[in-house]
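Step one of this worksheet: look at the structure below.
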Amino acid sequence: MTQLLLLLVALLVLGHMPTGRSEFKRCWNGQGACRAYCTKYEAYMHLCSDATLCCLPYGLKPVKTEKV
């Protein structure tokens with residue numbers, strides 16, 4: 001009986017924990033990363049689906065073309 005209770009408590013606790021891969025969510029066709037803050041070597045592009053920032057390294061940032 002105590003093992004069943006311990007199992008239920010463990011499942012309840014594990015159900016409320018965030019996933020371990022939440023820091024490595026990808027955006028911008030897999031080239032960017034969803035984070036709470038961008039580093040000084042990254043540019044903010046747009047918001048990810050979980051309201052974090054989509055950070056893209058400056059070398060991968062697309063250049064805006066002007067229409068003439």
- Note on the structure: Value for SG (Cys38) from CG (Leu56), rounded to nearest 0.5 Å, stands at 9.0 Å
- Note on the structure: Distance col, row Cys55:SG vs Gln31:CD, nearest 0.5 angstrom, shows 14.0 Å
- Quick one: CG on Leu53 to SG on Cys34, what's the gap to the nearest 0.5 Å? 9.0 Å
- Query: Residues in side-chain contact (heavy atoms from CB on, under 4.5 Å) with Thr2, at least two apart?
  - Reply: none
- Might you work through the disulfide (SG to SG under 2.5 Å) test for Cys54 and Cys48, ending with a clear yes or no? CA-CA 6 Å; Cys54 179; Cys48 294; 4.7 Å; no
- Message: Would you compute the distance between atom CZ of Arg35 and atom OH of Tyr44 and round it to the nearest 0.5 angstrom?
- Response: 15.0 Å
- Interatomic spacing from NZ in Lys25 to OG1 in Thr52 - rounded to 0.5 Å: 6.5 Å
- Note on the structure: In terms of heavy-atom contacts, Tyr58 and Lys40 come closest through CE1-O, 3.4 Å
